[in-house]
Amino acid sequence: MGKAKKCNITDNETIRLFFALIRCGIGKDDRLPATPSKEQWDELFDIACKQTLQGIAYAGIERLPKEQRPYSELVLKWYHQMLSIKKKNKELTRASIRVSEKFEKEGFRNCILKGQGIAQYYPDPELRLPGDIDIWLEGGCDKVIEYVKSIIPDCKPTYHHVDFNVLNGIDIEVHYRPTWMYNPFNNRNLQRFFAERSDTEFIHTTKTNEGRLHIPTATFNMVFIPVHIFRHLFSEGIGMRQILDYYFVMQQKEWQSERATCINALWEAGVLRFTRALMYVMQQMFALNEEQMIVEPDKRHGKMLMREILLAGNFGKQDARFERTRGGYNLPHLRNQLKRSSMLMRHYPSDTFWGPLFKVWHALWRKKHKSKQSTNGNNTNEVQ
């Protein structure tokens with residue numbers, strides 16, 4: 001008896017309808033290839049929630065002809081979620097501006113990574129589901145950690161950031177390194193790219209509905225976002241929202257004049273193959289034209305990546321293959337990490353090899369930088 005044929009999740013009709021709905025939401029189409037049934041609309045709503053694309057999907061619904069729209073109760077439910085997303089975006093953008101200005105007054109040039117910065121590339125920035133605030137500070141690891149410890153003495157720094165939760169209800173991650181690679185040679189190249197770009201990134205601003213915001217350039221994001229996605233592929237899993245972020249970075253014209261710089265940086269960081277996989281995924285999901293791509297698509301690696309995205313959802317939170325953990329170095333978390341790495345070994349052997357070595361080194365690094373109780377423990381510099 002022959003082996004059973006492996007089910008291809010991308011062959012699912014509802015998944016294909018969801019891709020089409022998102023293409024409507026980003027302005028690529030104005031109707032679906034078929035009219036979904038009531039049950040399929042319920043599934044489409046669930047997928048939108050799993051992939052944290054409720055706002056974009058609602059924008060797609062608004063573009064559909066009347067006969068293709070979902071039943072009224074679901075439209076109303078979707079509409080209220082969209083309003084909630086818009087409200088959260090306004091609050092988080094205002095908070096991002098306030099935090100950025102506070103750090104500038106403290107002598108730290110900075111820019112907002114991912115989140116509210118990437119949202120400005122969207123046709124309607126307020127439809128992207130917001131998360132926390134990631135802010136990259138000038139000054140280097142030791143100086144930034146010393147400052148954070150002066151306010152939060154028991155903070156727990158990691159290699160690239162430290163939590164700085166001084167605003168009620170909003171998580172803030174202060175970065176002294178935007179991101180990293182497990183492979184030390186690739187990581188050295190990546191950190192050099194960030195250092196060479198830093199002066200440009202810290203003075204770059206954009207206009208938002210709430211005021212001017214320091215965000216990185218599209219050239220920076222053409223390299224940073226794929227590395228960020230790659231990191232989460234190994235650690236937690238990724239969803240369509242992260243892929244859509246990169247799609248909108250690619251729609252910016254400013255990076256085109258620095259295409260060679262971007263490609264070289266991706267190659268030196270060891271993520272050029274992964275970026276090719278991203279091109280294939282965006283081609284299938286969002287109908288990205290090959291003329292718009294930074295590199296040619298890779299079908300083999302891209303099909304694996306797309307399957308992971310659909311199974312895992314936003315940061316792997318819906319991935320039934322793994323038990324949910326609180327992170328850190330507990331046994332279930334490490335078991336998940338090893339299982340995920342083994343799944344990726346055929347596609348990305350270098351990071352599969354270096355990952356465990358990095359984690360051992362990182363445990364020693366964190367022990368060295370373990371927070372000590374500071375005599376200056378009062379939150380006198382809390383953001384107001």
Side-chain angles (χ1 to χ4, degrees), residues 111 113-114 117-118 134 136 140-141 158-161 173 175-202 204 215-238 242-243 245-250 252 254-282 293-298 300-302 304-305 308-309 337 340-341 344-359 361-362 365:
C111 62
L113 301 172
K114 302 175 289 183
I118 290 292
D134 290 84
W136 177 27
C141 174
T158 67
Y159 174 69
H160 69 300
H161 80 265
E173 293 182 356
H175 290 248
Y176 22 89
R177 299 179 180 96
T179 187
W180 82 101
M181 293 293 292
Y182 288 150
N183 183 315
F185 307 104
N186 293 340
N187 187 52
R188 181 182 59 195
N189 295 335
L190 181 65
Q191 302 310 321
R192 183 174 65 244
F193 171 80
F194 292 150
E196 290 172 351
R197 296 286 314 179
S198 60
D199 281 338
T200 300
E201 308 312 323
F202 290 136
H204 184 257
I215 69 168
T217 62
T219 299
F220 174 93
N221 279 323
M222 283 297 295
V223 177
F224 168 69
I225 294 299
V227 175
H228 172 67
I229 296 172
F230 188 68
R231 288 270 51 77
H232 278 286
L233 177 65
F234 270 82
S235 60
E236 301 168 298
I238 54 175
Q242 289 72 48
I243 310 303
D245 284 349
Y246 198 43
Y247 171 86
F248 281 119
V249 173
M250 295 195 67
Q252 310 308 303
E254 65 178 87
W255 69 269
Q256 295 282 357
S257 61
E258 298 186 84
R259 176 184 289 268
T261 298
C262 294
I263 293 175
N264 185 65
L266 291 166
W267 179 77
E268 290 193 333
V271 292
L272 197 58
R273 175 190 293 175
F274 179 72
T275 305
R276 291 193 176 104
L278 285 172
M279 297 303 107
Y280 175 82
V281 171
M282 288 189 282
M293 298 178 182
I294 185 169
V295 290
E296 67 278 9
D298 185 315
R300 173 174 169 259
H301 298 292
M304 182 280 296
L305 178 60
E308 284 297 311
I309 291 165
Q337 295 272 291
R340 185 173 294 281
S341 292
L344 299 170
M345 184 179 297
R346 287 192 304 115
H347 297 271
Y348 306 106
S350 173
D351 280 77
T352 302
F353 171 78
W354 285 107
L357 299 177
F358 174 86
K359 293 179 191 305
W361 175 86
H362 190 216
W365 187 96

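Atoms considered below: every heavy atom in the structure, side chains included; atoms not considered: hydrogens, waters and symmetry mates.
- Note: H232 and H228 have perpendicular aromatic rings, judged against thresholds of 30 and 60 degrees for the angle between ring planes.
- Considering all non-hydrogen atoms of both residues, A218 and Q252 come closest at CB-CB, 3.8 Å.
- The main-chain N or O of M250 is found under 3.5 Å from a side-chain atom of W255 such that the two form a donor-acceptor pair.
- Side chain of H204 to main chain of I215: a donor-acceptor pair is present (N/O by atom type, distance under 3.5 Å, no hydrogens or angles).
- One distance of note links CZ of F230 with OH of Y182; it measures 9.0 Å at 0.5 Å rounding.
- Considering only heavy atoms from C-beta on, F274 comes within 4.5 Å of L278 through its side chain.
- Remark: H347 engages H301 in a ring-ring contact (aromatic ring centres under 6.0 Å, His included) (not counting sequence neighbours).
- For R231, the salt bridge (Lys or Arg N to Asp or Glu O under 4.0 Å) partners are D351, not counting sequence neighbours.
- No side-chain donor-acceptor contact under 3.5 Å links E308 to the backbone of M304.
- In this structure, CD1 in I118 is found 9.0 Å from CG in L113, a value given to the nearest 0.5 Å.
- Under the salt bridge (Lys or Arg N to Asp or Glu O under 4.0 Å) criterion, E254 pairs with no residue, sequence neighbours left out.
- Across A269 and V227, no two heavy atoms sit closer than the pair CB-CG2, 4.5 Å.
- The shortest heavy-atom contact between G270 and N186 is CA-ND2, 3.7 Å.
- Note: I225 CD1 to T275 OG1 = 11.5 Å, rounded to the nearest 0.5 Å.
- Side-chain contact between I229 and V271 is absent, with no heavy atoms from C-beta onward closer than 4.5 Å.
- With rounding to the nearest 0.5 Å, the separation of CG in L266 from CZ in F224 is 13.0 Å.
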Between W136 and Y176, is a ring pair (Phe, Tyr, Trp, His ring centres under 6.0 Å) present by the stated rule, with each step listed? CA-CA 6 Å; W136 177 27; Y176 22 89; over 10 Å; no
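- Using a distance-only test at 3.5 Å, with no hydrogens or angles considered, no donor-acceptor pair links the side chain of D298 to the main chain of R276.
- Within 6.0 Å of the CH2 atom in W365, the count of heavy atoms belonging to other residues, nucleotides or ligands exceeds 12.
- Scanning both residues, V223 and C262, for their nearest heavy atoms gives CG2-O, 3.9 Å.
- Taking F194 as the reference, F220 meet the ring-ring contact (aromatic ring centres under 6.0 Å, His included) condition, with sequence neighbours excluded.
- With rounding to the nearest 0.5 angstrom, the CE atom of M279 is 7.0 Å from the CE atom of M293.
- Taking the salt bridge (Lys or Arg N to Asp or Glu O under 4.0 Å) definition, one finds that R177 meets it with nothing, sequence neighbours left out.
- In summary, E258 and R197 engage in a salt bridge, as defined by a charged side-chain N under 4.0 Å from a carboxylate O.
- Remark: side-chain polar atoms of Y246 are paired, donor with acceptor, to backbone N or O of M222 under 3.5 angstrom.
- Scored by the salt bridge (Lys or Arg N to Asp or Glu O under 4.0 Å) test, D134 finds K114 as partners (sequence neighbours excluded).
- Although no hydrogens or angles enter the test, the distance criterion places a donor-acceptor pair under 3.5 Å between the side chain of Q191 and the main chain of T179.
- Looking at every heavy atom in both residues, N221 comes nearest to P216 through ND2-O, 4.0 Å.
- The two atoms that bring A277 and Y348 nearest to each other are CB-OH, 3.9 Å, heavy atoms only.
- When side chains are defined from C-beta on, E268 does not count as touching F193, because their heavy atoms never get closer than 4.5 Å.
- Atom CG of L233 and atom CD1 of I309 lie 8.0 Å apart (nearest 0.5 Å).
- In this structure a side-chain-to-backbone donor-acceptor pair under 3.5 Å is present from E201 to T217.
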